[in-house]
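In what follows, a single structure is set out as structure tokens and then discussed.
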Amino acid sequence: MTTRILLVCMGNICRSPMAEGLVRHRAKEYGLDITTDSAGTIDHHAGEAPDQRAQRCMRDHGIGIGDLRARRIVPGDFRDFDLLLAMDQSNLDGLLRIAPAPDLTDRARLMMAYAPDLPREVPDPWYGGPDDFERVFHMLHRATTNLMDTLRHGR
Ligand code: 4NP
């Protein structure tokens, strides 16, 4: 059965497209049936490709994300996706505010819940430099590995 995963941050041009790139890349490695999308809690960057710094960081790790385009979260995402993974608490709060039904809210959680030994929020690299994007990549890589293991074992 397909697992539909939405990755969510604020602008949908740095963290969540990086997370989406990692999840779709690693799902192939793991042979898991996963579809992905990503979205932001604000619409300032709607229609834009990921930030060049995010694209460069991902390319350095052999993963292309240049095809992705930003959009804002919508209430229907709670029905269209099985898991809505937020990069930080503020993004999670933004998601929960638009949940169309109380029984769907448990679909939304923090991405870093899958890497409990790391900080629970992925820091926003927007005002940072290459090292900040690299740190984001490694945090997301760890969380993605555990997410893949969790899905593979059907939990
Ligand atoms: P992201 O980073 O949430 O990781 O995509 C940001 C990108 C843009 C803005 C904020 C965060 N912004 O305010 O424009």
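Quick caveat, the model's predicted, so the values are computed rather than measured. Each residue takes its place number in the sequence, starting with 1. First listed ligand is number 1; within each ligand, the first listed atom is number 1.
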(request) Look at the side chain of N91 and the backbone N and O of A86, then say whether any donor-acceptor pair between them is shorter than 3.5 Å. (result) no

(message) I need the contact type for D51 against ligand 1. Using non-hydrogen atoms and a strict under-4.0 Å cut-off, is it side chain, backbone, both or neither?
(response) neither

(message) For ligand 1 and G11, I'd like to know whether there is a polar contact (N/O to N/O, distance under 3.5 Å).
(response) yes

(message) Under a 4.0 angstrom heavy-atom cut-off, which atoms of ligand 1 come close to H45?
(response) 8 (C), 12 (N), 14 (O)

(request) Could you tell me which non-hydrogen atom of A143 sits nearest to which non-hydrogen atom of M111, and how far apart they are? (result) CB-O, 3.8 Å

(message) Within this structure, what is the CE-CG distance for the pair M87 and L110, rounded to the nearest 0.5 Å?
(response) 9.0 Å

(request) Of the side chain and backbone of M87, name the one, both, or neither that has a heavy atom under 4.0 Å from an atom of ligand 1. (result) neither

(request) Just let me know how H44 lines up against ligand 1, side chain, backbone, both or neither, with a heavy-atom cut-off below 4.0 Å. (result) neither

(message) Between R135 and D132, does any NZ, NE, NH1 or NH2 come within less than 4.0 Å of an OD or OE carboxylate oxygen?
(response) no

(request) Determine, stepwise, if the pair H141 / H25 fulfils ring-ring contact (aromatic ring centres under 6.0 Å, His included). (result) CA-CA 11 Å; H141 190 274; H25 179 81; 9.0 Å; no

(request) Ignoring angles and geometry beyond distance, decide whether C14 reaches within less than 3.5 Å of ligand 1 through its nitrogen or oxygen atoms. (result) yes

(request) Distance to 0.1 Å, residue and atom name: give those for the protein heavy atom nearest to atom 1 (P) of ligand 1. (result) C9 SG, 3.5 Å

(request) Identify the heavy atoms of F137 and M58 that sit nearest to each other, and give their distance. (result) CD1-SD, 3.6 Å

(message) Taking distance alone, with N or O pairs closer than 3.5 Å, would you say I13 contacts ligand 1?
(response) yes

(request) Please determine if R15 has a nitrogen or oxygen closer than 3.5 Å to a nitrogen or oxygen of ligand 1. (result) yes

(request) Flag the pair D77 and R107 as a salt bridge only when some basic side-chain nitrogen lies within less than 4.0 angstrom of an acidic carboxylate oxygen. (result) no

